[in-house]
Amino acid sequence: MVTGAAGGIGQALVRGFVQAGSDVIAVDRVERPADLATDQYISCDLARTVRDPAHAGEIFAKVRAALGARPLDALINNAAIQILGSIESLDRDAWRDSLEVNLLAPFIWTQALLPELEASRGSVLNISSIHARLTKPGFVAYATSKAALSGMTRAMAVELGSRVRVNAIEPAAIDTPMLRAGFSGNAEGFSALESHHPVGQVGSAEGLASLAVAIVREGSGFLSGSLVGLDGAIAARLHDPV
C-alpha cells in the first residue's frame with residue numbers, strides 16, 4: 001500500500017512495486033491519475049482519518065475489502081505536505097496540517113493495519129526527508145514533522161521488533177514535476193541545486209522507488225530501525241564561507 005500515490009514520487013513507488021511483482025493499493029486525496037500503474041485506488045484525505053475516527057474506520061474497511069484474502073506485505077507512508085513559512089508567520093493551522101499528514105497519519109495507518117502487517121511479517125517504510133537532519137530557513141514546520149517521523153521510525157522498530165520491520169528513507173531533492181515547477185523559468189537555479197549535491201545531480205523518483213523495493217524485500221529480516229539517506233552526499237558536505 002502506497003499513500004500519496006498520485007504525486008511524482010508516489011507514482012514512481014507504485015510503478016516500482018508493480019514492476020517487482022507486487023499488487024499495489026494506491027491511496028491519495030485526488031482523483032486517480034489516468035496513467036497510474038494500478039487500478040486499485042482509494043480516494044482518501046489522510047488528515048481526515050486522523051481527525052475523524054469514524055471516517056478512518058470506513059477507510060480501513062475499504063482497505064481490507066481491497067486486500068481481500070491477500071496479505072499486506074508493506075505499508076509505504078509516502079504522503080506529505082510541505083508548508084513553508086517563517087517562525088513569525090506560521091499559524092496553528094499550518095502546524096496542525098503539517099503534523100497530521102506528515103506524522104500522525106503514518107502512525108494511525110500503521111496502528112490500524114498492524115494486524116495485517118504482523119500476519120505477513122511485513123514492513124513499514126516511511127518516506128521522511130533530509131530535512132529531518134539538515135534544514136534551512138522557512139522549513140521549520142516541515143523539518144520538525146519529518147524529524148519526528150524519523151524518530152518515530154526508530155521507536156516503532158524497537159517496539160515491534162521481529163513482528164514488523166520499520167524503516168525510513170530520508171531523500172534530498174528528488175526530480176519530480178513539483179520540483180521542476182518550482183524552478184519554472186529558472187534553469188540556472190535548477191543547475192545550481194544540482195551542483196550543490198556532490199554527485200552533480202538531484203535524485204530520481206525511480207531511484208527512490210528502487211531503494212524502497214530493496215528495503216521492503218530485504219530477505220534476512222535484519223534491516224529495521226534504519227534511516228537510509230538518499231541525498232547525493234549533500235548531507236556529508238560542509239558548507240563553509242570561504
Side-chain angles (χ1 to χ4, degrees), residues 3-4 7-10 12-13 76-91 94-107 124-158 166-183 186-212 214-215 223-242:
T3 69
I9 291 174
L13 285 165
I76 316 298
N77 289 309
N78 167 65
I81 59 173
Q82 188 178 84
I83 299 177
L84 305 184
S86 67
I87 292 172
E88 294 86 352
S89 68
L90 285 171
D91 60 19
W95 273 106
R96 183 198 65 206
D97 294 345
S98 297
L99 294 174
E100 285 181 344
V101 176
N102 298 355
L103 176 64
L104 297 179
F107 177 82
V124 174
L125 180 61
N126 297 318
I127 307 302
S128 185
S129 170
I130 193 171
H131 283 275
R133 294 177 289 136
L134 304 168
T135 192
K136 53 190 176 182
F139 281 77
V140 63
Y142 180 74
T144 300
S145 69
K146 289 297 188 177
L149 180 62
S150 289
M152 188 177 76
T153 298
R154 293 192 299 266
M156 279 188 164
V158 170
V166 188
N167 294 288
I169 298 175
E170 295 181 338
I174 301 295
D175 195 349
T176 63
M178 183 178 294
L179 181 70
R180 291 280 182 174
F183 286 90
N186 184 14
E188 184 176 328
F190 190 81
S191 295
L193 175 65
E194 290 184 304
S195 68
H196 272 70
H197 295 75
V199 297
Q201 63 185 41
V202 297
S204 71
E206 291 73 19
L208 192 157
S210 295
L211 178 58
I215 291 172
L223 184 67
S224 192
S226 293
L227 309 176
V228 183
L230 183 68
D231 55 35
I234 197 171
R237 184 172 187 171
L238 181 63
H239 289 273
D240 273 347
V242 179

If you look at every heavy atom in Ala157 and Ser224, which pair is closest and at what distance? CB-OG, 3.5 Å

Would you please say whether a donor-acceptor pair under 3.5 Å links the side chains of Thr153 and Asn126? yes

Donor-acceptor check, side chain of Ser129 to backbone of Ala132, threshold 3.5 angstrom: yes or no? no

How would you list, by chain and number, every residue that makes a side-chain hydrogen bond (donor to acceptor under 3.5 Å, both in side chains) with Asn186, sequence neighbours excluded? none

Point-to-point distance, once rounded to the nearest 0.5 Å, from CD of Gln82 to OH of Tyr142: 5.0 Å

Do any N or O atoms from the side chain of Ser89 and from the backbone of Gly85 form a donor-acceptor pair under 3.5 angstrom? no

Using only heavy-atom distances, determine whether the side chains of Ser150 and Ser128 contain a donor-acceptor pair under 3.5 Å. yes

Please round to the nearest 0.5 Å and tell me the distance separating atom CG of Leu13 and atom CG of Leu211. 10.0 Å

Can you name the closest pair of heavy atoms from Ala79 and Gly4 and give their distance? CB-N, 3.5 Å

Could you give the distance from CD1 (Ile130) to CG (Leu230), rounded to the nearest 0.5 Å? 9.5 Å

If the condition is ring-ring contact (aromatic ring centres under 6.0 Å, His included), which residues does His197 pass it with, not counting sequence neighbours? none

For Ala187, does its backbone N or O pair with a side-chain atom of Ser191 as donor and acceptor, under 3.5 Å? yes

Shortest non-hydrogen contact from Ser98 to Ile81? N-CD1, 3.9 Å

Closest non-hydrogen contact found for Ser145 with Asn102 is OG-ND2, 3.0 Å

Backbone N/O of Ile127 and side chain of Lys146: donor-acceptor pair under 3.5 Å: yes

Mind telling me whether His239 and His196 have parallel, tilted or perpendicular rings, with 30° and 60° as the class edges? parallel

State, yes or no, whether a side-chain contact exists between Val124 and Met156 at a heavy-atom distance under 4.5 Å. no

For Phe190 and Phe183, take the angle between the two ring planes, folded into 0 to 90°, and tell me which bin it lands in: parallel under 30, tilted 30 to 60, perpendicular over 60. perpendicular

I'd like to know if the side chain of Asn167 and the backbone of Leu125 have a donor-acceptor N/O pair within less than 3.5 Å. no

Compare every heavy atom of Trp95 with every heavy atom of Val140, then report the nearest pair and how far apart it is. O-CH2, 3.8 Å

Could you tell me which non-hydrogen atom of Asn78 sits nearest to which non-hydrogen atom of Ile9, and how far apart they are? OD1-CG2, 3.4 Å

Counting C-beta onward and ignoring hydrogens, is there a side-chain heavy-atom pair between Leu227 and Arg154 closer than 4.5 Å? yes

Any salt bridge between Asp231 and Arg133, counting N to O under 4.0 Å? yes

With a 3.5 Å distance limit and no angle check, can you tell me whether Ser86 reaches the backbone of Gly138 through a side-chain donor-acceptor pair? no

